[in-house]
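Each remark here refers to the structure printed beneath this line.
What you are looking at is a predicted structure, and each value in this text was computed from that prediction instead of being measured. Throughout, protein chains are lettered first and strands after them, A, B, ... in sequence-line order, and every chain is numbered starting at 1. Hydrogens, waters and symmetry mates play no part in the numbers below; they use all other heavy atoms, side chains included.
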There are 2 protein chains.
Amino acid sequence: MLSMGLREKKAQRNRDRIIAEAMALFGGSGIGYESTTMEVIAEAADISPSTLYRYFPTKDSIVLASLMRNTAKFSEVFAQRVKELPVERALAEAIFAVLAVEDAEPKHALMVRSILSQSPVARARLWDYLGELQFQLTRQLAECLGKKPDDLSINLTARIALEVLMAAADIWRDSKGKVSSRGTAAQFMRLLREGVVLFPDAGTEDVSKGAVLKKSTKKSPVRKIESRLRSR
Amino acid sequence: MLSMGLREKKAQRNRDRIIAEAMALFGGSGIGYESTTMEVIAEAADISPSTLYRYFPTKDSIVLASLMRNTAKFSEVFAQRVKELPVERALAEAIFAVLAVEDAEPKHALMVRSILSQSPVARARLWDYLGELQFQLTRQLAECLGKKPDDLSINLTARIALEVLMAAADIWRDSKGKVSSRGTAAQFMRLLREGVVLFPDAGTEDVSKGAVLKKSTKKSPVRKIESRLRSR
DNA sequence: CATCTTTTTGGTAGTCACTGTCATTTACTA
DNA sequence: TAGTAAATGACAGTGACTACCAAAAAGATG
């Protein structure tokens, strides 16, 4: 019961075969993402279109399956490293780990990026997936630091971490693999550490008037609560 | 010649009518995004499907047109304010300006967000649009600060600014409009200013070995702002 | 091994977003 | 008023994706 039966083995074989054939058709020496129909993919993988749709409900899910093999590293590495390292180090290493995978297989990574640039829907899926990653990371960070998941500083940190990851990958892709993505990420981290952030340290109050958080009441004369809330 | 002829007037009327009818059908008391076919929209707007496709090449472009009316404020306000204010203030005001528009029309904003959650393709378009915004902002910032557009600190600043904008909007949406988006944005800015950023100040080099960028040889002054690292 | 059940597969028909073409109508112009 | 260029609408596709049903394959049971 524990070992895979003939059924599951076949299914796994089919899944791998579909991804391989599809990616070959999509990028590189193939015919491009848009002009590769699901029928063609099915034919290349020796199954019927119906069955293909049963394995992958949408065309872009094939690309996503390929992409997730890389990004899955993130949460994994972070969860492991955070046990023995300070949070910020674990975060950095998780970022480097994902980028290292892409560095190791530049052809595959560039192909995925190429497909992404061809298909808005694929991009949408990636975005959704990043949202999930962010959600997950937020919870992990909250747990490590003993804060609530809806803490704004946690939220911001998770967002920025993933933004650094994406930014480094973007710049790497734009340079066609010439600049090291890990180097770029390291520079971003240094910039963050040094405080490049361009935000005013005063005067935001008048612009964001009425910016009271949560259930703070409608009592108008409590302007000072604002500063108390934000000074923490 | 300069004044709009009958043709352009009619076209404008059609555009407005299409957007209005479509948005009514998509959200709120309508029948939802997916189940509203282009044919139905055409019928509601009193034109043929062919003509509808001539006005809006894709279904999601109708949503996007509605969304852009808000986000267009960003570059506009920034370009204007940066003339008389320091860059960081102008950036903050641009963010607040966009959020203010959403605050002013919460029903419309929530509807757009609802549609976005229904359609991956619409999300993809929004993402693409954000990419353009980021590109534009990067150039604007570079010009203001006298740096090259491919400067990493510029790149990072633009990304973070838009991330703050999106984050505030996200949180506002998740709270169904209860928390002030401008207040949240202000808090994010404060956190950034105080240096919440969780990144190590040493040891990144060994992980990102070989990560040498153009002029990265320049060793920067080590400012340890990190003393305030969130260790609570 | 034969039989029964469950899962997997393939085929068929349909919906809908979107494209291309072409004749017709409509707004502008000489 | 006639002529031109643009806008429109009808029609016929293509391709992603869905729903449905019958046949084949895998597993369980006698």
Side-chain angles (χ1 to χ4, degrees), chain A residues 1-19 21-22 25-26 30-65 115-116 118-125 128, chain B residues 1-19 21-22 25-26 30-65 115-116 118-125 128:
Chain A
M1 284 302 195
L2 271 180
S3 71
M4 282 199 298
L6 224 173
R7 247 172 199 163
E8 292 163 69
K9 265 185 185 172
K10 194 176 163 189
Q12 189 58 48
R13 227 180 7 247
N14 274 345
R15 240 188 302 274
D16 292 343
R17 187 174 178 80
I18 292 171
I19 292 182
E21 297 287 348
L25 286 166
F26 288 162
I31 48 182
Y33 182 80
E34 294 296 343
S35 48
T36 302
T37 71
M38 287 295 265
E39 204 181 340
V40 172
I41 299 175
E43 196 182 348
D46 271 322
I47 53 175
S48 77
S50 305
T51 307
L52 173 55
Y53 274 107
R54 228 162 252 128
Y55 278 91
F56 293 96
T58 63
K59 193 165 145 183
D60 48 272
S61 65
I62 305 177
V63 181
L64 193 67
I115 295 168
L116 283 174
Q118 289 177 60
S119 161
V121 191
R123 259 168 286 162
R125 299 286 169 185
D128 291 351
Chain B
M1 311 286 181
L2 273 179
S3 71
M4 282 200 299
L6 223 172
R7 245 171 202 164
E8 293 163 69
K9 265 185 186 171
K10 196 176 162 188
Q12 189 58 49
R13 223 178 13 244
N14 273 346
R15 241 186 302 274
D16 292 343
R17 189 175 176 76
I18 292 171
I19 293 181
E21 296 287 349
L25 286 165
F26 287 162
I31 49 182
Y33 182 79
E34 293 297 342
S35 47
T36 301
T37 71
M38 288 295 264
E39 203 182 342
V40 171
I41 299 174
E43 195 182 350
D46 270 322
I47 53 177
S48 77
S50 304
T51 307
L52 172 55
Y53 275 107
R54 228 162 250 127
Y55 278 93
F56 293 96
T58 61
K59 193 166 148 185
D60 48 272
S61 65
I62 305 177
V63 181
L64 194 67
I115 294 168
L116 282 175
Q118 288 177 61
S119 161
V121 191
R123 258 169 285 161
R125 299 286 170 188
D128 292 351

Backbone N or O of [Y] within a donor-acceptor pair of the [X] side chain at under 3.5 Å?
{"X": "B:T36", "Y": "B:G32", "value": "yes"}
{"X": "A:S119", "Y": "A:L116", "value": "no"}
{"X": "B:S61", "Y": "B:L64", "value": "no"}

Row check, B:Y33 ring normal vs B:K59 NZ/CZ: under 6.0 Å, within 45°: yes

Using a strict cut-off of less than 4.0 Å between a Lys/Arg side-chain nitrogen and an Asp/Glu carboxylate oxygen, indicate whether A:R17 and A:D46 qualify as a salt bridge. yes

Atom [atom1] of [X] and atom [atom2] of [N]: how far apart are they, to the nearest Å?
{"X": "A:K10", "N": "C:dT8", "atom1": "NZ", "atom2": "C1'", "value": "7 Å"}
{"X": "B:E8", "N": "C:dA27", "atom1": "CD", "atom2": "C1'", "value": "11 Å"}
{"X": "B:L52", "N": "D:dA10", "atom1": "CG", "atom2": "P", "value": "13 Å"}
{"X": "B:Y33", "N": "C:dC16", "atom1": "OH", "atom2": "P", "value": "14 Å"}
{"X": "A:I47", "N": "D:dA25", "atom1": "CD1", "atom2": "C1'", "value": "16 Å"}
{"X": "A:K9", "N": "D:dG27", "atom1": "NZ", "atom2": "C1'", "value": "15 Å"}
{"X": "A:F56", "N": "D:dC17", "atom1": "CZ", "atom2": "P", "value": "13 Å"}
{"X": "A:D46", "N": "C:dT9", "atom1": "CG", "atom2": "C1'", "value": "14 Å"}

Side-chain contact, heavy-atom cut-off 4.5 Å: B:I115 with B:D60? no

Answer whether the closest heavy-atom distance between the side chains of A:F56 and A:I41 falls below 4.5 Å. no

So if I take every side-chain heavy atom of A:R7 and compare against C:dT8, D:dA16, C:dA27, which nucleotide ends up nearest? C:dT8

Just call it for B:T36: base, sugar-phosphate, or nothing, with non-hydrogen atoms closer than 4.0 Å on any strand. sugar-phosphate

Residue-phosphate contact under 4.0 Å: [X] side-chain N/O, [N] OP1/OP2:
{"X": "B:T51", "N": "D:dG9", "answer": "yes"}
{"X": "A:N14", "N": "C:dT8", "answer": "no"}
{"X": "A:S48", "N": "C:dG10", "answer": "yes"}

Short N/O separations, protein against nucleotides 18-25 of chain C, under 3.5 angstrom:
{"from": "C:dC18", "atom 1": "OP2", "to": "B:K59", "atom 2": "N", "distance (Å)": "2.8"}

